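Reminder, nothing fancy here: chain letters follow the sequence lines and each chain counts from 1. Keep in mind the model is a prediction, meaning the values are calculated, not measured.
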Protein chains: 2
Amino acid sequence: MTARPPPDTRAGPGLGPNDRAVLAVLADAKGPLGAYEVLDQVRHHGLKAPPQVYRALHRLIGLGLAHRIESLNAFVACAHGRHSDAVRADRAMFVICDRCGAAVELDATPAAAAAESAATAKGFRVGRVIVEMKGLCAGCTAEAPGPG
Amino acid sequence: MTARPPPDTRAGPGLGPNDRAVLAVLADAKGPLGAYEVLDQVRHHGLKAPPQVYRALHRLIGLGLAHRIESLNAFVACAHGRHSDAVRADRAMFVICDRCGAAVELDATPAAAAAESAATAKGFRVGRVIVEMKGLCAGCTAEAPGPG
DNA sequence: GAGCTGTCTGTTATCTTATAACATATCTCT
DNA sequence: AGAGATATGTTATAAGATAACAGACAGCTC
Ligand SMILES: [Zn+2]
Ligand SMILES: [Zn+2]
Ligand SMILES: [Zn+2]
Ligand SMILES: [Zn+2]
């Protein structure tokens with residue numbers, strides 16, 4: 001236990017090489033990636049097996065550097081670089097385009113507050129709030145058929 | 001193999017026997033069930049393979065009789081029996097107890113409206129809105145350690 | 001009745017997603 | 001060096017979901 005004197009040879013804050021390889025892949029990606037897609041992209045870094053990727057993903061998520069999109073079973077780098085206490089990781093929400101697959105991270109605080117108030121009225125103590133929307137992004141809305 | 005339940009006892013509108021067997025299992029369950037847990041419960045109805053269960057689940061969800069909980073990869077019967085245009089199935093939200101597994105269905109309309117307004121401000125056209133909360137139910141909050 | 005069509009169903013095989021379990025390496029402090 | 005913690009590598013398997021094809025059945029046309 002004690003403290004965590006950070007080894008100064010590390011570029012990231014307590015991130016191991018696997019973590020940084022996975023984060024780099026997510027940050028480069030144009031959209032959410034499945035864990036096995038990440039794995040394909042980090043093979044040239046020496047990673048070979050799913051647990052290595054999942055462990056890195058879990059750490060990154062815990063640090064507020066990446067997010068899991070539940071409705072896609074996929075992962076993205078945080079759009080803000082990282083989350084802090086001020087910008088809570090568990091108050092991020094995503095809008096996902098069904099057509100091009102783009103995922104945009106937005107602040108869920110107002111929606112989460114509304115959801116949380118309904119939940120606390122039922123006696124629940126709320127931890128993580130998941131808000132995800134499926135639809136069409138601006139670009140795809142212009143190209144796709146629609147009402148009107 | 002040979003025993004076929006006679007279809008004249010149909011209660012549901014356009015539901016096949018598989019659909020009703022799956023729905024009955026979900027309705028009886030005390031919490032969300034994975035598709036393979038459902039399968040175990042409907043084997044005595046003659047269902048044997050995953051596609052039969054998944055097909056029934058997809059139909060039930062399409063009819064507003066059941067919901068998928070994305071963060072659990074699990075399914076529940078709709079708490080209202082069914083959804084209509086007035087009570088939209090894509091505006092249901094769930095609160096899930098991390099300790100006892102209970103899932104409570106609530107109306108997501110206020111939260112969804114807040115989320116949707118943030119999305120439309122970015123040019124998105126929103127379809128389905130997913131809101132799920134993880135935390136502790138009233139009963140488990142009383143038993144679990146907490147701040148204060 | 002024969003033939004077509006569409007829906008629902010049964011069955012096999014396979015694919016995708018995720019973790020358990022165990023072994024090995026590294027680092028830190030004593 | 002030795003003990004304890006953290007990070008990694010590796011194998012195997014669990015859990016979730018679908019593709020693809022085959023058979024059954026109702027409704028319709030001729
Ligand atoms: Zn973020
Ligand atoms: Zn798009
Ligand atoms: Zn419902
Ligand atoms: Zn509980």
Side-chain angles (χ1 to χ4, degrees), chain A residues 1-23 25-26 32-63 65-76 101, chain B residues 1-10 12-23 25-26 31-63 65-76 101:
Chain A
M1 292 282 289
T2 69
R4 301 254 179 116
D8 44 307
T9 47
R10 296 249 174 107
L15 293 185
N18 288 4
D19 301 327
R20 276 179 290 131
V22 167
L23 182 56
V25 166
L26 289 181
L33 295 181
Y36 282 70
E37 291 177 295
V38 173
L39 177 54
D40 287 341
Q41 300 281 121
V42 293
R43 284 197 196 278
H44 64 278
H45 284 275
L47 283 84
K48 290 176 185 167
Q52 298 173 288
V53 170
Y54 280 102
R55 287 195 283 233
L57 288 170
H58 291 162
R59 272 190 294 266
L60 293 171
I61 290 168
L63 292 169
L65 293 162
H67 300 280
R68 175 185 171 85
I69 301 186
E70 301 289 347
S71 62
L72 298 176
N73 293 334
F75 304 86
V76 291
Chain B
M1 296 300 179
T2 52
R4 294 275 179 269
D8 51 303
T9 50
R10 284 196 177 185
L15 292 185
N18 288 5
D19 301 326
R20 275 178 293 128
V22 167
L23 182 56
V25 166
L26 290 181
L33 295 181
Y36 281 68
E37 291 177 296
V38 173
L39 177 55
D40 287 342
Q41 300 280 119
V42 293
R43 286 197 197 276
H44 64 279
H45 284 276
L47 284 84
K48 290 178 184 165
Q52 299 174 285
V53 170
Y54 280 103
R55 288 196 283 232
L57 287 169
H58 291 161
R59 273 190 295 266
L60 293 171
I61 290 168
L63 292 168
L65 294 162
H67 300 281
R68 176 186 171 84
I69 300 187
E70 301 290 346
S71 61
L72 298 176
N73 294 334
F75 304 87
V76 290

I need the [atom1]-[atom2] distance between [X] and [N], as an integer number of Å.
{"X": "B/H58", "N": "C/dT7", "atom1": "NE2", "atom2": "P", "result": "18 Å"}
{"X": "B/L39", "N": "C/dT11", "atom1": "CG", "atom2": "P", "result": "12 Å"}
{"X": "A/D40", "N": "C/dC15", "atom1": "CG", "atom2": "P", "result": "15 Å"}
{"X": "B/L63", "N": "C/dC8", "atom1": "CG", "atom2": "C1'", "result": "14 Å"}
{"X": "B/R59", "N": "D/dT18", "atom1": "CZ", "atom2": "C1'", "result": "15 Å"}
{"X": "A/L33", "N": "C/dT16", "atom1": "CG", "atom2": "P", "result": "15 Å"}
{"X": "B/L60", "N": "C/dC8", "atom1": "CG", "atom2": "C1'", "result": "14 Å"}

Could you give the side-chain donor-acceptor pairs of residues 38-52 of chain A under 3.5 Å, partners two or more places apart or in another chain?
unit_1, atom_1, unit_2, atom_2, d
A/R43, NH1, A/K48, O, 3.3
A/H44, ND1, A/Q41, O, 3.1
A/Q52, OE1, A/K48, N, 2.8
A/Q52, OE1, A/A49, N, 2.9

Short N/O separations, protein against nucleotides 14-16 of chain D, under 3.5 angstrom:
none

Working to the nearest 0.5 Å, report the span between [atom1] of [X] and [atom2] of [Y].
{"X": "B/H67", "Y": "B/L26", "atom1": "NE2", "atom2": "CG", "value": "11.0 Å"}
{"X": "A/Y36", "Y": "A/N73", "atom1": "OH", "atom2": "CG", "value": "12.0 Å"}
{"X": "B/R20", "Y": "B/L60", "atom1": "CZ", "atom2": "CG", "value": "11.0 Å"}
{"X": "B/L57", "Y": "B/L23", "atom1": "CG", "atom2": "CG", "value": "9.5 Å"}
{"X": "B/L33", "Y": "B/F75", "atom1": "CG", "atom2": "CZ", "value": "10.0 Å"}

| said: If you apply the rule side-chain contact (heavy atoms from CB on, under 4.5 Å), what do you find for B/L63 with B/L15, and how did you get there? | reply: CA-CA 10 Å; B/L63 292 168; B/L15 292 185; 3.5 Å; yes

| said: Starting the side chain at C-beta, find the nucleotide from D/dT8, C/dG10, C/dA18 nearest to B/R55. | reply: C/dG10

| field | side-chain hydrogen bond (donor to acceptor under 3.5 Å, both in side chains) involving B/D19 - partner list, sequence neighbours excluded | value | B/R59

| query | With sequence neighbours excluded, what pairs up with A/A74 under the side-chain contact (heavy atoms from CB on, under 4.5 Å) test? | reply | A/P32, A/L72

| request: Output the residues of residues 45-53 of chain A in contact with DNA chain D, where contact means a heavy atom of the residue under 4.0 Å from an atom of the strand; sort by number or write none. | output: A/K48, A/A49, A/P51, A/Q52

